[in-house]
Amino acid sequence: MSNEQHFDTRAIHAGQAFDPTTGAIIPPIYQTSTFVQDGIGGFRGGYEYNRAGNPTRTALETQLAALEGGAHARSFASGLAAEDALLRGTLGPGDHVILGNDVYGGTYRLLTSVLGPWGVETTTLELSDLDAVRAGIRPTTRIVWAETPSNPLLKITDIPALAEIAHGAGALLVVDNTFASPALQRPFELGADAVVHSTTKYLGGHSDVLGGAVVLRDDTLLEALSFQQFAVGAVSAPLDAWLTSRGIKTLAVRMQRHSENAQAIAEWAARRPEIETVYYPGLASHPGHEIAAKQMTAFGGMLALGLAGGPAAARAYAESTRLFQLAESLGGVESLIGYPPEMTHASLRGTALAVPENVVRLSVGIEDAGDLIADLEEALGRI
Ligand code: PLP
């Protein structure tokens with residue numbers, strides 16, 4: 001499938017050719033652990049054993065690479081498994097990573113509590129302060145890692161500016177593109193070297209699968225990444241890969257609706273006295289609005305609200321909505337609300353990255369915007 005086709009077409013067709021043996025329009029789920037050999041080493045389709053490769057996974061990996069405009073993709077059992085494979089395939093003891101100061105709590109935990117004891121050093125920085133990033137670079141810096149928009153405060157990083165600094169220091173720029181998805185932002189076009197995803201979120205899109213991916217711009221890291229995937233084995237199962245491929249086919253239309261609904265909610269929230277801060281890059285008042293407007297085609301479905309009533313009001317609000325269900329995760333068609341300090345970002349409590357305690361996070365689904373706003377408004381009356 002050519003990368004010259006438009007995004008929406010690639011999302012539906014890349015890697016998804018119909019089954020030539022039956023004509024089934026949808027590629028089958030190859031629910032198998034192994035592949036019969038015609039004599040030792042006689043592999044019919046190049047497949048040997050499920051940890052090493054499976055056609056359903058290949059179909060997803062081909063689709064993911066085409067979506068991001070990358071050369072290769074590898075898919076994993078979770079977003080964190082994907083991050084781990086990329087980090088361990090790239091780093092060794094003594095290496096240094098610069099990480100944004102607003103990130104998914106699990107990414108920080110992986111770097112500091114798992115890779116830290118192995119000898120990897122991590123500095124967290126405000127990535128919109130480019131001078132701070134330049135000053136934070138060390139001779140051992142191998143990776144600059146940005147989440148943009150970030151989880152949960154929707155901070156925006158200038159990807160081209162960060163790429164220039166990272167490359168000038170001989171480091172790689174990794175972008176976690178989970179919040180935007182490639183429908184809204186394609187980091188390779190902006191200078192990134194690798195893109196990671198929790199495909200659990202917008203790519204899967206239906207809250208029914210856990211998965212992750214690393215997409216590479218070129219061949220440089222492929223061998224190391226593929227080795228980690230094979231040697232450690234945190235691969236996606238065939239059914240999970242298939243569900244993710246199915247979700248991706250509607251990504252473009254979903255992201256458009258998620259963004260429209262989130263914009264409407266952000267504008268409503270900005271008018272409510274009970275809400276002190278609205279964190280949404282689609283609002284002109286957001287400090288990253290102009291950069292987001294340059295590097296994204298819409299602003300996405302995630303937003304955070306800072307409640308004027310403080311932590312108690314935020315906790316109560318997260319428990320008061322009815323259409324927005326209280327749950328971890330994000331990116332599904334149904335709307336979710338969460339209280340990051342005690343849920344997704346609990347591992348950051350007490351660190352410099354702790355999320356303000358008056359913040360709730362919304363994953364805005366694709367329901368009717370009026371119904372969603374009515375739910376949020378009624379819940380304000382209950383706190
Ligand atoms: N990156 C971001 C931005 C996330 O929000 C998450 C999970 O919430 C992850 C990575 C980790 O993904 P997973 O939960 O699939 O391991």
Side-chain angles (χ1 to χ4, degrees), residues 60 64 68 73-88 97 99-115 122 124 127 143 145-157 159 174-182 184-185 187 192 194-215 229 232 234-237 240-241 243-244 247-248 255 258 279 281 296 300-304 326-332 336-348 353 355 359-364:
L60 170 61
L64 288 165
E68 287 288 2
R74 290 291 175 265
S75 106
F76 294 84
S78 72
L80 282 176
E83 294 182 17
D84 178 54
L86 177 63
L87 289 165
R88 272 186 306 105
V97 175
L99 177 68
N101 64 0
D102 185 62
V103 289
Y104 171 58
T107 301
Y108 177 79
R109 183 177 54 210
L110 174 65
L111 273 162
T112 56
S113 301
V114 179
L115 297 177
T122 300
T124 55
L127 297 184
I143 287 182
W145 185 291
E147 229 181 73
T148 182
S150 66
N151 183 358
L153 296 180
L154 286 300
K155 288 190 180 180
I156 299 295
T157 301
I159 299 175
V174 177
V175 173
D176 183 333
N177 204 24
T178 298
F179 267 35
S181 94
L184 305 186
Q185 172 175 275
V195 170
V196 299
H197 278 283
S198 169
T199 56
T200 315
K201 311 296 174 356
Y202 288 107
L203 294 176
H206 296 76
S207 308
D208 54 10
V209 64
L210 189 75
V214 179
V215 190
Q229 189 191 40
V232 180
V235 295
S236 355
D240 291 358
L243 282 168
T244 308
I248 285 172
M255 291 313 295
H258 282 297
Y279 303 87
M296 301 173 74
M302 296 301 299
L303 68 132
L326 178 64
E328 307 265 348
S329 204
L330 60 106
L336 300 179
I337 189 165
Y339 182 56
E342 288 183 32
M343 295 172 64
T344 47
H345 292 69
S347 64
L348 299 182
L353 277 67
V355 179
V359 163
V360 297
R361 190 188 73 181
L362 302 182
S363 171
V364 179

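We count residues from 1, following the sequence as given. In each ligand, atom 1 is the first atom listed, and ligand 1 is the first ligand listed.
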(message) Just so I know, are the side chains of W145 and T107 near enough to count as touching, which here means a heavy-atom distance under 4.5 Å?
(response) yes
Pairs under 3.5 angstrom, nitrogen or oxygen on both sides, ligand 1 versus protein: list them out, please.
unit_1: ligand 1; atom_1: 1 (N); unit_2: D176; atom_2: OD2; d: 2.7
unit_1: ligand 1; atom_1: 5 (O); unit_2: N151; atom_2: ND2; d: 2.9
unit_1: ligand 1; atom_1: 8 (O); unit_2: K201; atom_2: NZ; d: 2.7
unit_1: ligand 1; atom_1: 12 (O); unit_2: S198; atom_2: OG; d: 3.1
unit_1: ligand 1; atom_1: 15 (O); unit_2: G79; atom_2: N; d: 2.9
unit_1: ligand 1; atom_1: 15 (O); unit_2: S198; atom_2: OG; d: 2.8
unit_1: ligand 1; atom_1: 15 (O); unit_2: T200; atom_2: OG1; d: 2.8
unit_1: ligand 1; atom_1: 16 (O); unit_2: G79; atom_2: N; d: 3.0
unit_1: ligand 1; atom_1: 16 (O); unit_2: L80; atom_2: N; d: 2.9

(message) Rounded to the nearest 0.5 Å, what separates atom CD in Q229 from atom CG in D84?
(response) 12.5 Å
(request) Please round to the nearest 0.5 Å and tell me the distance separating atom CD of E147 and atom CG of N101. (result) 11.0 Å
Without placing hydrogens or testing angles, list every side-chain donor-acceptor pair under 3.5 Å for residues 199-206, not counting sequence neighbours.
unit_1: T199; atom_1: OG1; unit_2: G211; atom_2: O; d: 3.0
unit_1: T199; atom_1: OG1; unit_2: G212; atom_2: N; d: 3.1
unit_1: T200; atom_1: OG1; unit_2: S198; atom_2: OG; d: 3.1
unit_1: T200; atom_1: OG1; unit_2: G211; atom_2: N; d: 3.0
unit_1: T200; atom_1: OG1; unit_2: G211; atom_2: O; d: 3.1
unit_1: K201; atom_1: NZ; unit_2: S198; atom_2: OG; d: 2.9
unit_1: H206; atom_1: ND1; unit_2: G204; atom_2: O; d: 3.0

(message) So does N177 get a backbone contact from the side chain of Q185, meaning a donor-acceptor N/O pair under 3.5 Å?
(response) no
(message) I'd like to check L330 versus L336 (side-chain heavy atoms, cut-off strictly below 4.5 Å). Are they in contact?
(response) no
